[in-house]
Amino acid sequence: MSIHNAEIAQIFNEYADLLEIQGANQYRVRAYRTAARNIADLSQSMADMVAQGEDLSELPGIGKDLADKIADIVTTGQLPQLEELEKEVPVGLLDLTRLAGLGPKRTGALYRELGITSLGQLEAAAKEQRIRELPGFGAKTEKAILAEIERRGGLRVEKRFKLSAAQRLARPLLDYLKKAKGVKRVEAAGSYRRRKETVGDLDILVTSSQGSEVMERLAEYEAVERVISQGSTRSTVVLRFGLQVDVRAVPEEDYGAALHYFTGAKAHTVAIRKMGVNKGLKINEYGVFRGEKRVAGRTEEEVYAQVGLPYIEPELREDRGEIEAARKGELPELVKLEDIRGDLHAHTRATEGRASLEEMARAAKERGYEYLAITDHSKRLSMAHGLDEKRLGEQIKQIDRLNEKLGGFIILKGIEVDIMEDGSLDLADNILKELDLLVCSVHHKFNLPQDKQTERIIRAISHSPTFTILGHPTGRLIGEREPYDVDLEKVMKAARECGCVLEVNAQPERLDLNDIHGKIARGMGVMVAISTDAHSVKDLDFMPFGVYQARRGWLGPGDVLNTRGWKELKKLLRR
DNA sequence: GCCGTTTTCGGCCCGACTGTTTTCAGTCG
């Protein structure tokens with residue numbers, strides 16, 4: 001049972017939280033947090049690196065001390081120093097810091113002065129008005145604490161919105177703010193602009209000569225549930241459904257600097273600011289300054305140019321190597337929606353879909369595509385009326401007839417065939433051979449041990465009788481179902497050997513492969529297909545979400561199968 | 001605790017809002 005990077009990151013984060021409550025040096029705390037983030041983002045397994053005797057202190061943000069601690073965690077499963085610290089600082093205090101408005105300092109004070117170690121004790125103390133007596137606290141803070149505890153039982157639930165859901169809430173709000181007096185531009189920044197698969201809160205940048213007007217208008221928006229803070233340049237509100245929105249207003253000439261700052265990711269922004277410091281520059285949301293003199297800030301390009309870098313696309317700004325790549329002039333060219341020439345995974349009414357074969361084909365043609373692969377389910381998925389050999393044979397004939405009347409648009413014959421527990425496929429080879437391509441997917445037995453699951457998938461893709469795309473390769477549903485336990489690097493190696501392509505499924509709740517896996521695939525020279533897995537005509541419009549995820553994975557048009565026009569694709573399918 | 005095209009020691013990104021204070025600490029992003 002080897003330790004995952006995410007578990008190491010979690011241990012370091014808890015250690016940092018407890019250190020902070022204890023009042024430790026803030027830079028020491030930060031070192032643990034930085035290390036945790038870097039480890040979580042890493043594509044190689046720490047456990048493997050330790051096993052192979054690699055020098056962990058070569059990694060960014062990890063020195064000798066943390067390298068030793070990681071080795072301890074990997075070999076024993078725990079960190080002795082954390083267990084020691086837990087004896088000194090009650091872990092219940094971590095709940096307190098999750099309360100809005102209570103950070104490590106105040107939590108530490110509550111513990112030292114009043115012996116509070118739990119939310120229950122905190123509530124009691126607040127009701128007895130003992131908190132307002134403490135230095136640095138007052139009646140208002142005490143009331144705010146009680147109000148926070150009352151709201152949803154007190155704990156600030158970590159709620160993230162899928163990008164598609166955030167988009168539905170954001171678009172009307174952006175339009176609304178555009179109508180405020182003095183407003184020039186309204187732009188969603190933050191993780192929304194970086195097209196992250198989920199958005200924690202929505203960051204909106206407004207350029208305006210009259211910030212207060214914008215903030216007034218925001219507070220009056222019909223979907224605003226409560227206003228957390230409101231100033232003349234910055235406000236925070238919570239919308240219905242609990243989406244927190246931060247709006248920041250700056251003058252038009254500061255647009256680029258503000259957009260850069262507000263887009264983040266924080267680690268990226270900090271890294272750029274540090275580069276600025278090294279060049280004697282101060283970079284903030286108002287511009288780039290040399291001493292008193294403002295030297296840039298109208299556009300993001302200007303900001304990057306000041307630190308000697310080319311423009312970096314928002315999807316790459318995660319401090320995962322993009323700055324180094326930019327410095328070396330090795331930024332990838334990213335795939336664009338316009339590059340996509342067809343969709344390689346779609347369902348019809350024959351199984352789970354809601355539209356007919358012809359409706360789906362015509363809708364794809366209207367979207368400017370050259371081809372659409374029809375990939376209905378196979379027979380094991382009886383709930384979805386999966387196709388058996390006979391019905392698939394009929395569909396093949398139907399596609400042949402339809403292709404003759406579609407004026408050059410091509411419907412590809414395919415199937416989303418189930419991968420059985422033993423790695424065999426759910427339909428006979430002789431019918432599968434008649435198809436242009438297979439999407440092979442796991443739809444059951446999600447909880448096999450890693451080696452079995454990996455073996456199962458590799459067997460399926462290596463024995464597949466025709467061109468193969470591995471559908472939604474980890475099976476995860478964002479926020480609902482964890483990925484199944486599979487060694488993707490082994491799968492990718494096998495995929496590379498047998499010419500199998502991995503899917504980036506564009507369904508907003510799947511987005512599977514994710515960004516980190518996409519980047520690994522690119523590094524290993526494995527191609528992907530960005531597919532909508534459409535169950536209706538409307539679902540074909542999920543394509544942008546798949547493209548965003550691919551861009552976040554550094555993938556370029558050359559890495560994506562369905563950027564090929566029909567002529568070229570045809571050759572690739574025949575291999 | 002990490003790190004070095006100024007540095008192996010002394011730095012470590014920068015600013016808004018709130019509440020508790022009379023100039024600032026804490027929190028947050």
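Because the structure is predicted, anything quoted here is derived from the model rather than measured. Quick note on labels: first sequence line is chain A, next is B, and so on, each numbered from 1. Only heavy atoms go into these numbers, but all of them, side chains included; no hydrogens, no water, no symmetry mates.
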Heavy atoms under 4.0 Å, any strand shown: does [X] hit a base, just sugar-phosphate, or nothing?
X	value
A:Ala249	nothing
A:Gln244	sugar-phosphate
A:Ile62	sugar-phosphate
A:Pro60	sugar-phosphate
A:Lys143	nothing
A:Val29	nothing
A:Gln230	sugar-phosphate
A:Phe137	sugar-phosphate

Could you state the atom-to-atom distance from [atom1] of [X] to [atom2] of [N] in whole Å?
X	N	atom1	atom2	answer
A:Asp254	B:dG15	CG	P	12 Å
A:Leu99	B:dG26	CG	P	18 Å
A:Lys274	B:dT7	NZ	C1'	15 Å
A:Arg106	B:dC28	CZ	C1'	12 Å
A:Leu59	B:dC3	CG	P	10 Å

When rounded to the nearest Å, what value does the distance between P atoms of B:dT5 and B:dT23 take?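 The same atom, P, in both gives a distance of 43 Å.
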Euclidean distance for C1', B:dT20 against B:dG26 (whole angstrom):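 To the nearest whole Å, 10 Å.
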Looking at the side chain of [X], which of [options] is the nearest nucleotide?
X	options	answer
A:Lys105	B:dT27, B:dT20, B:dG1	B:dT27
A:Arg248	B:dG15, B:dG26, B:dG19	B:dG15
A:Asp65	B:dC12, B:dC2, B:dG29	B:dC2

Taking 4.0 Å as the cut-off, does a side-chain nitrogen or oxygen of [X] come that near to OP1 or OP2 on [N]?
X	N	value
A:Arg132	B:dT20	no
A:Arg28	B:dG1	yes
A:Lys266	B:dG29	no
A:Thr141	B:dT20	yes
A:Thr233	B:dC17	yes

Between A:Asp17 and A:Arg33, does any side-chain N to carboxylate O distance fall below 4.0 Å?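 Salt bridge between A:Asp17 and A:Arg33, a charged N being under 4.0 Å from a carboxylate O: yes.
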Are A:Glu318 and A:Lys196 close enough for a salt bridge, meaning some N to O gap below 4.0 Å?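 The answer is no: the pair does not qualify as a salt bridge.
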Pair partner, B:dC2 [Watson-Crick or wobble, under 3.5 Å]: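 Across any shown strand, B:dC2 pairs with B:dG11.
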Quick one: the side chain of A:Tyr27 and the base of B:dG11, do they pair up donor-acceptor inside 3.5 Å?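 Looking at the base of B:dG11, it does not pair with any donor or acceptor on the side chain of A:Tyr27 (distance under 3.5 Å).
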Face-on cation placement of A:Arg195 at A:Tyr192 ring, 6.0 Å and 45° thresholds: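 Yes, a cation-pi geometry holds between A:Arg195 and A:Tyr192.
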Taking the six-membered ring of A:Tyr311 as reference, does the cationic atom of A:Arg317 (NZ for Lys, CZ for Arg) lie under 6.0 Å from its centre and within 45° of its axis?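 Because its charged atom sits under 6.0 Å from the ring centre and within 45° of the axis, A:Arg317 does stack over A:Tyr311.
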Evaluate side chain to side chain contact (heavy atoms under 4.5 Å, CB included) for A:Thr233 paired with A:Arg248, printing each intermediate quantity in order. CA-CA 6 Å; A:Thr233 66; A:Arg248 187 71 188 262; 4.1 Å; yes
Below 30° counts as parallel, above 60° as perpendicular, anything between as tilted: where do the rings of A:Tyr221 and A:Tyr176 land?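 A:Tyr221 vs A:Tyr176 ring planes: tilted.
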